[in-house]
Amino acid sequence: MKRKYTVSKYNLYSGNYIFNLRQRSLIRGNESLLNALQNGDLERVPYEVIEVLNTAGMVVEEGIDETKLIALWVSSKSFNTNTLSVAYIPTYSCNFRCIYCYAESVRESKGIITRNTNEAFLNWLKNVLILAEPKYLDITFHGGEPLLLKDELITLSENILKLCELQEVKLKGISLVTNGSLLTDQFVKKITNLAVPCRALVTIDGPETVHNARRYYRDGSGSFSKIVENIKSALDSGMLITLGYNYDRQNYADIPHFLDFLVDNGFSENEKFQLIFGAVRKGLNQEEKEHFMKYEMGQAESAKVMIWAYREALKRGLRIVEPLGAGLCTLKKPWSFIVDCNGDIFKCITMAGHEVSKVGTISEPVEVVLQRSSKFIFPYNWEKFTMCRNCKYLPICLGGCFEQAIIKGKRVDCKRHYFDSLFPQLIDLIAEVYEKYPEGNKDQKIEYVLGTRGEH
């Protein structure tokens, strides 16, 4: 008996494109197919096309609850131990005084790393590797500014690599979240000589005068020229660079001028360079900070600027990070941890240093830390709220950001207005990225089922 199908409630449409939010799949279809899906009339769609649509998640068999499929996906991703992800904060100290820094509220009360903490962290990491038995390990050095302790990071990286070899785990990559001012030739050469993929996320917030008014040294002097110099040198040494542009009402209008600067300086020609844009958001204890009162964007405004910024980048031939993003945050993954220089373990990088996100210390049994982590993982947010269960954006929102809900004093961080403004323009943008840089898609955590070239 031939199975019956219904149209997915997570399909979005733009022009001749169909995008399924649950599968993150994209198909270019003809007018008859688009009409059939939008009208829920599948009777005249050829069965072989239905099978393709089913694979892409754009139709589902009758009787299947798509919300349960999301729960199944989240469970499989949450409890998959193939990759262990650990972010390590060697220090909360920083040589910058950025006007919107979310770590500012914890900086004064946190000290820098000691050698004993390094050793304790390595012992803890060994125990986690033994318990989780992952195939891969991803390490991120975060801060504060982690490169204030360059020598310690090199030693730690070398020891982590030895530990992985001993446990027969592949070190998948080393990532650095850094302001870029200390990304020196000597350090880059040492860390890239470890022969594992190494990427740095560096932030520049506009042309020189704009950036220097937002992200400056603690003595007030500008940082722009040193960061640009270091990025160029790091790229020449083979490091992968993701350049972040944090925007708000103060600096969003300067995006085109900054992109022109990048092109003029050859960044569009380098395949190891890519851009990511993100709206500045409050962190914990920043509710009364003057900068946010003056310049913070609303959801709809933020979404429109993001689409515009990515389009401006693509027009200039600059590579961008896949704009939708994917995957789960560390809060929802038992085997993802943030460890700081005091040996405290957290479940959210932007809430590191705050008790609300703390689940234990590296001196405690890993099992105890996992038990405490369960309160963040279960129940899934959308299971608690009808508005989430019935929302078409559920597959990408997944109940919203826990931190932002706390800051806003709400039960859930609803981003419906943001996504309403983001789509369908984002669908067209994703299609353009896939077409323009097909070789880069394999690096994105996107379930790219069928591609954009198939006509049905």
Side-chain angles (χ1 to χ4, degrees), residues 85-94 96-114 117 120-121 124 128 139-146 148-149 175 177-179 201 203 244 246 278-293 296 328-364 366 368-381 384 398-415:
S85 299
V86 178
Y88 187 48
I89 302 173
T91 179
Y92 285 101
S93 298
C94 187
F96 276 24
R97 190 157 45 89
C98 302
I99 57 177
Y100 52 78
C101 180
Y102 63 79
E104 182 180 19
S105 61
V106 297
R107 184 166 291 127
E108 297 301 323
S109 62
K110 303 294 179 181
I112 64 170
I113 198 169
T114 66
T117 310
F121 171 71
W124 172 84
V128 177
I139 285 288
T140 300
F141 294 118
H142 215 290
E145 174 47 54
L148 287 171
L149 300 165
S175 299
V177 180
T178 170
N179 60 39
L201 172 61
T203 302
N246 296 330
V280 177
R281 301 187 308 178
K282 294 189 193 82
L284 292 172
N285 300 331
Q286 290 189 308
E287 290 81 356
E288 304 302 319
K289 196 170 179 63
E290 183 181 359
H291 179 83
F292 296 102
M293 293 180 175
E296 186 179 20
L328 299 175
C329 74
T330 55
L331 205 72
K332 293 296 184 182
K333 299 171 75 173
W335 295 103
S336 291
F337 304 97
I338 295 97
V339 181
D340 76 0
C341 47
N342 298 306
D344 291 333
I345 303 174
F346 302 90
K347 291 301 294 178
C348 172
I349 190 63
T350 57
M351 290 194 286
H354 296 277
E355 289 295 316
V356 68
S357 173
K358 183 177 174 180
V359 290
T361 70
I362 58 176
S363 63
E364 295 178 288
V366 177
V368 173
V369 174
L370 288 173
Q371 289 176 19
R372 296 194 190 115
S373 299
S374 66
K375 69 179 181 180
F376 293 107
I377 299 166
F378 299 112
Y380 300 134
N381 276 14
K384 294 187 287 185
L398 296 174
C401 175
F402 180 72
E403 179 202 37
Q404 290 300 304
I406 293 174
I407 291 168
K408 296 170 184 175
K410 297 182 178 180
R411 298 181 306 163
V412 63
D413 173 38
C414 181
K415 297 181 70 176

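- Taken from CD1 in I406 to NE2 in H354, the straight-line distance is 10.0 Å, to the nearest 0.5 Å.
- Taking CD1 of I407 as the reference point, atom OH of Y102 lies at 11.5 Å (rounded to 0.5 Å).
- Of the inter-residue distances, the one linking I345 atom CD1 with F121 atom CZ reads 9.5 Å to the nearest 0.5 angstrom.
- When the options K282, H291, K289 are evaluated for a side-chain hydrogen bond (donor to acceptor under 3.5 Å, both in side chains) with E296, the one that passes is K282.
- Rounding to the nearest 0.5 Å gives a distance of 8.5 Å between CD of Q404 and NZ of K415.
- The minimum heavy-atom distance linking V412 with G399 is given by the pair CG2-O, 2.9 Å.
- With hydrogens and angles ignored, the 3.5 Å screen pairs no side-chain donor or acceptor of Y100 with any backbone N or O of N246.
- Pairing each heavy atom of V369 with each of V359, the nearest pair is CG1-CG2, 3.7 Å.
- A donor-acceptor contact shorter than 3.5 Å links the side chain of D340 to the backbone of N342.
- In terms of heavy atoms, E364 sits closest to T361 at OE1-N, 2.8 Å.
- Counting heavy atoms from C-beta on, the side chains of I89 and I349 come closer than 4.5 Å.
- Taking each heavy atom of H142 and P146 in turn, the nearest pair found is O-CB, 3.4 Å.
- When all heavy atoms of I338 and C348 are compared, the pair lying nearest together is CD1-N, 3.6 Å.
- Relative orientation of the Y88 and F141 rings is perpendicular, given thresholds of 30° and 60° on the angle between their planes.
- In this structure, V366 and W335 have side chains that are in contact, with non-hydrogen atoms separated by less than 4.5 Å.
- Nearest heavy atom pair, residue F346 against residue M351, reads CD2-O, 4.1 Å.
- Residues E145 and S93 bring no donor and acceptor atom of their side chains to less than 3.5 Å of each other.
- Ring planes of W124 and F337: perpendicular class, angle over 60° (limits at 30 and 60°).
- N179 places none of its side-chain heavy atoms less than 4.5 Å from the side chain of T203.
- In this structure a side-chain-to-backbone donor-acceptor pair under 3.5 Å is present from S357 to K347.
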